[in-house]
Amino acid sequence: MCYRRPAAGGPRVSLSVDDRLEILDLAARYNHAVDSGDHEGAAALFTEDGAIEATATGTIAGPAAIADYIGSRPDGWQRRRHFNNNAIIEGVPGDEDAATLAMYIMVLSRRETVLPRLLGRYEDELRRVDGEWRFRRRRIIADADAASGRRAEG
Amino acid sequence: MPLSCDDRLDILEVAARYCRALDRGDPEGLEAVFTEDAVWESSARGQRRGRAAIVDEFRARAAQAHTRKHWTSNPVIEGDGDHASLTLDLLVLHLDDGDVRPGTSGVYEDRLRRDEAGWRIAYRKITVDGQRAGFRGVPAQPAGKDATR
């Protein structure tokens with residue numbers, strides 16, 4: 001663990017550089033998996049008790065349900081591309097195997113033209129299981145639906 | 001002493017916290033990313049000197065909260081010891097009536113300083129694309145009249 005001075009705004013728990021980069025990698029793996037239609041691969045990034053929460057769909061709990069959810073998108077995930085930005089990673093006091101990740105999310109729809117479909121943010125709770133960071137809870141908060149009928153989709 | 005990996009990740013996170021605070025309309029969050037003597041300078045809005053003046057500038061834009069998302073890319077960090085520079089490309093996404101569209105683009109050129117509070121922005125210059133040539137700083141505009149940020 002590297003020592004990190006707490007920034008203004010309250011004490012923070014330091015995470016190592018390895019942890020921080022592994023967590024960014026986890027977020028990227030999710031995007032790569034869902035954008036390539038690998039729902040099982042995306043679901044495997046969650047803990048056994050992991051869940052996705054979105055306004056439109058409520059809570060989807062457990063890897064099997066998450067894989068079903070990701071695989072069931074009506075027009076197919078392979079026509080989407082997920083982008084993240086402005087990641088903020090924080091440790092959890094008293095629990096070195098827990099962390100939070102807050103990030104912007106933009107989903108582009110890839111059809112004849114590229115259109116922003118969803119803009120919002122993820123608020124994730126992460127847990128380290130057998131040395132690997134996993135999503136325990138992924139909350140998707142849409143800023144606004146990009147057009148009528150469009151819903152918050154992770 | 002060269003910047004560590006921790007320093008680099010911390011600096012990227014400061015930039016992320018700026019965007020988050022700005023887009024949420026969170027003055028305390030903005031306060032936390034600037035040094036007290038910070039200078040903020042925009043090709044669209046002129047210069048603000050001191051953290052209080054910078055936060056006031058953004059307080060005046062509270063009505064824009066949740067209608068903009070500041071998206072950044074291509075960070076280049078250089079520095080030594082307790083001083084660093086950060087260059088960052090910027091794209092502002094606008095949410096208007098349920099539609100998402102790219103708004104302003106530009107470049108952030110920052111200088112950051114580390115003290116006991118961690119890394120914070122001491123100087124941030126924002127050059128909006130199209131306003132680069134001949135930029136000498138323009139006077140502030142009244143809140144709500146500006147469509148660039």
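Not measured: the values here are computed from a predicted model. In what follows, chains carry the letters A, B, and so on, assigned in the order in which the sequence lines appear, proteins first and then strands, with residues in each chain numbered from 1.
With side-chain heavy atoms closer than 4.5 Å counting as contact, directly or through intermediates, A/Val92 stands alone and belongs to no larger hydrophobic cluster.
With a 4.5 angstrom heavy-atom cutoff, A/Met103 does not touch chain B via any of its atoms. Neither the backbone nor the side chain of A/Asp18 comes within contact range of chain B; no heavy atoms are under 4.5 Å apart.
Criterion: ILVMFWY side-chain heavy atoms under 4.5 Å apart, direct or through other members. Under it, B/Ile77 and B/Leu88 are part of a common hydrophobic cluster. Taking hydrophobic clusters as Ile, Leu, Val, Met, Phe, Trp and Tyr residues chained together by side-chain heavy-atom distances below 4.5 Å, B/Tyr123 does not share a cluster with B/Leu22. Note on A/Ile89: it does not cluster hydrophobically with A/Val129, by side-chain heavy-atom contacts below 4.5 Å among ILVMFWY residues. Hydrophobic cluster membership differs between B/Val39 and B/Tyr108, with clusters built from Ile, Leu, Val, Met, Phe, Trp and Tyr side chains linked at under 4.5 angstrom.
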Report task. Tell me, with the steps shown, if A/Arg20 and B/Asp10 meet salt bridge (charged side-chain N to carboxylate O under 4.0 Å, His left out). Result -> CA-CA 10 Å; A/Arg20 296 164 89 180; B/Asp10 284 350; 2.8 Å; yes
Requested in this report: Please lay out, stage by stage, how A/Glu90 and B/Arg17 fare under the test salt bridge (charged side-chain N to carboxylate O under 4.0 Å, His left out).
Outcome: CA-CA 12 Å; A/Glu90 293 180 354; B/Arg17 287 181 184 279; 2.6 Å; yes
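Annotation: the span from A/Asp19 atom CG to B/Leu9 atom CG amounts to 11.0 Å, rounded to 0.5 Å. A/Ile105 contributes atom CD1, which lies 10.5 Å from atom NZ of B/Lys69 (distance to the nearest 0.5 angstrom). Separation of atoms CG (A/Leu119) and CZ (B/Arg68) is listed at 12.0 Å; rounding is to 0.5 Å. Atoms CG and CG, on A/Asn85 and B/Leu91 in that order, are 9.0 Å from each other to the nearest 0.5 Å.
Side-chain atoms of A/Tyr104 come within 3.5 Å of backbone N or O of B/Cys19 as a donor-acceptor pair. Put simply, the side chain of A/Asn86 never gets that close to the backbone of B/Glu13: no donor and acceptor are under 3.5 Å apart.
Remark: A/Arg137 pairs with A/Glu53, A/Glu125, A/Arg139 by the side-chain contact (heavy atoms from CB on, under 4.5 Å) rule, at least two apart or across chains.
Exactly one residue among B/Leu93, B/Leu95, B/Asp23, B/Thr67 makes a side chain to side chain contact (heavy atoms under 4.5 Å, CB included) with A/Asp143. That residue is B/Leu95.
Taking every heavy atom of both residues into account, A/Leu15 and B/Asp6 meet most closely at O-OD1, 4.3 Å. In terms of heavy-atom proximity, A/Ala87 sits nearest to B/Ala16 at O-CB, 3.7 Å.
Within 6.0 Å of atom CZ in B/Arg49, 12 or fewer heavy atoms from other residues, nucleotides or ligands are found, so the atom counts as exposed in its surroundings. Surrounding CZ of A/Arg29 are at most 12 heavy atoms belonging to other residues, nucleotides or ligands under 6.0 Å away. Residue B/Arg111 qualifies as open at atom CZ: its count of foreign heavy atoms under 6.0 Å is 12 or below.
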